[in-house]
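By convention here, the first residue in the shown sequence is residue 1.
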Amino acid sequence: MTTVNEAGAAARRLGNNKWLERLTRIGLVGYGVTHLLVGWIALQLAFGKASKEGDQAGAFKTLAEQPFGKFLLIVVAIGLAAMTVWQVFEAAVGHTEDRGRERVFERVASVFKAGFYAYLGYKAVSVLQGAGKSSGDQQQQATSSMMDNGGGRALVGLIGLAIAAIGVGLIWYGWQKKFNKHLKTGQMSAHERRLSDKLGIGGYAAKGTVYGTLGVLVLVAAMQHDPNESRGLDQALKTLAEQPFGTVILVGVAIGLAAYGAFCFFQAKYRKV
């Protein structure tokens with residue numbers, strides 16, 4: 001057996017570890033709770049009553065303020081760490097049910113998912129440590145620093161286009177029910193299957209709308225050379241609220257984000273890990 005094959009076999013054994021699977025499923029529950037909280041903050045924002053940032057950091061702060069909240073946030077952070085490791089293994093040796101370009105796409109997606117889950121875990125730990133700087137401030141500062149460098153505006157613009165494309169892709173992914181190939185749908189009852197489909201479609205539509213808006217804001221920041229336009233998920237939700245019929249739109253997005261949170265609970269039970 002070659003060194004590469006031995007490394008792959010070792011990675012598969014680690015990826016099939018039962019404890020990693022259990023922690024990953026806990027992480028999916030925590031990921032669902034995070035979306036429920038972001039949806040709740042978005043709903044409050046729709047009616048001008050939000051007291052937290054409308055992003056994951058705001059959700060983590062809300063969770064930390066509840067009874068036993070810090071303990072629960074520690075559990076969420078551990079779960080997110082497990083999800084990061086899981087996606088690293090998926091990128092390295094996973095998605096064996098796919099072939100050709102689709103397998104390459106899924107593996108590349110796993111790389112980005114691993115980075116995103118690691119980022120969320122970092123934000124959860126930052127909230128536990130009492131770090132005071134908002135996510136919006138951090139993104140604004142990062143955008144400003146990039147714009148100050150040669151070619152920085154073009155790079156920020158490309159990032160904005162990429163985020164907007166991800167938003168469109170999420171809507172398409174949900175509408176086509178692509179998420180089902182990652183679920184053990186054969187173990188679901190007919191009622192669970194129908195409910196999972198509805199939650200998945202609505203949830204991905206809401207996430208796609210938010211990330212599409214975020215991508216447009218980053219692109220506008222590059223075009224206008226104004227990093228204030230790029231303040232993350234919170235700014236995207238506020239921008240939606242400022243549109244004609246913004247309250248209705250944001251209420252719909254809030255319900256969709258909550259639907260995705262509930263969909264994560266289905267994933268925690270039925271996701272192929």
Side-chain angles (χ1 to χ4, degrees), residues 34-35 38-39 41-43 45-46 48 50 52-59 104-106 108-120 122-123 133-176 178 201-257 260:
T34 300
H35 279 82
V38 173
I41 294 171
L43 189 62
L45 183 62
K52 296 286 189 301
E53 286 186 288
D55 59 7
Q56 296 90 352
V104 173
F105 173 81
E106 290 288 354
V108 171
S110 286
V111 171
F112 285 99
K113 288 178 183 178
F116 183 65
Y117 295 147
Y119 168 76
L120 290 183
Y122 163 75
K123 295 304 297 182
K133 197 166 188 177
S134 72
S135 298
D137 289 341
Q138 290 176 335
Q139 180 158 331
Q140 180 182 336
Q141 183 178 350
T143 303
S144 179
S145 299
M146 290 175 66
M147 286 184 179
D148 289 340
N149 297 320
R153 287 180 65 184
L155 179 58
V156 171
L158 288 173
I159 291 173
L161 287 173
I163 295 173
I166 289 171
V168 174
L170 287 170
I171 295 173
W172 174 83
Y173 188 87
W175 183 254
Q176 294 295 318
K178 292 289 186 179
I201 292 171
Y204 276 105
K207 283 170 69 72
T209 299
V210 173
Y211 280 99
T213 304
L214 175 58
V216 171
L217 290 175
V218 174
L219 184 59
V220 169
M223 294 174 65
Q224 297 182 353
H225 204 282
D226 182 7
N228 290 326
E229 293 288 341
S230 175
R231 290 185 54 83
L233 188 60
D234 178 65
Q235 184 62 39
L237 292 175
K238 290 178 180 176
T239 299
L240 288 172
E242 292 167 358
Q243 305 312 305
F245 305 103
T247 298
V248 175
I249 293 171
L250 197 50
V251 167
V253 168
I255 293 172
L257 290 172
Y260 186 83

### Task
Evaluate side-chain contact (heavy atoms from CB on, under 4.5 Å) for Y204 paired with I171, printing each intermediate quantity in order.
CA-CA 5 Å; Y204 276 105; I171 295 173; over 6 Å; no
### Message
Testing the basics here: between V253 and A206, what is the closest heavy-atom pair and its distance to 0.1 Å?
### Response
O-CB, 3.7 Å
## Note on the structure
Between A254 and G39, the two heavy atoms sitting closest are CB-O, 3.3 Å
### Message
Can you confirm whether L120 sits close enough to T34 that some side-chain heavy atom of one is under 4.5 Å from a side-chain heavy atom of the other?
### Response
no
### Task
Could you check whether the rings of Y211 and F116 sit parallel, tilted or perpendicular, using 30° and 60° as the cut-offs?
perpendicular
### Task
Scan V220, L250, L217 and name whichever one has a side-chain contact (heavy atoms from CB on, under 4.5 Å) with T239.
L217
## Note on the structure
Between the CG atom in L219 and the CG atom in L158, the distance rounded to the nearest 0.5 Å is 9.0 Å
### Summary
Rounding to 0.5 Å, atoms CD1 (I249) and OG1 (T209) come to a distance of 9.0 Å
### Message
Filter on salt bridge (Lys or Arg N to Asp or Glu O under 4.0 Å), then keep only pairs touching residues 159-169, sequence neighbours left out; what's left?
### Response
none
### Message
Checking K113 now: which residues fulfil salt bridge (charged side-chain N to carboxylate O under 4.0 Å, His left out) with it, not counting sequence neighbours?
### Response
none
### Task
Can you measure from CD1 (I201) to CD (Q176) and round to the nearest 0.5 angstrom?
9.5 Å
### Query
Can you name the nearest heavy-atom pair linking L257 to K207, along with the distance?
CD2-CG, 4.1 Å
### Query
Mind checking whether L214 and V210 have side chains closer than 4.5 Å, heavy atoms only?
no
### Query
Hey, what do you get for CG (L45) to CG (L237), rounding to the nearest 0.5 Å?
6.5 Å
### Task
Would you name the heavy atoms of A164 and V216 that are closest together and state the gap between them?
CB-N, 4.5 Å
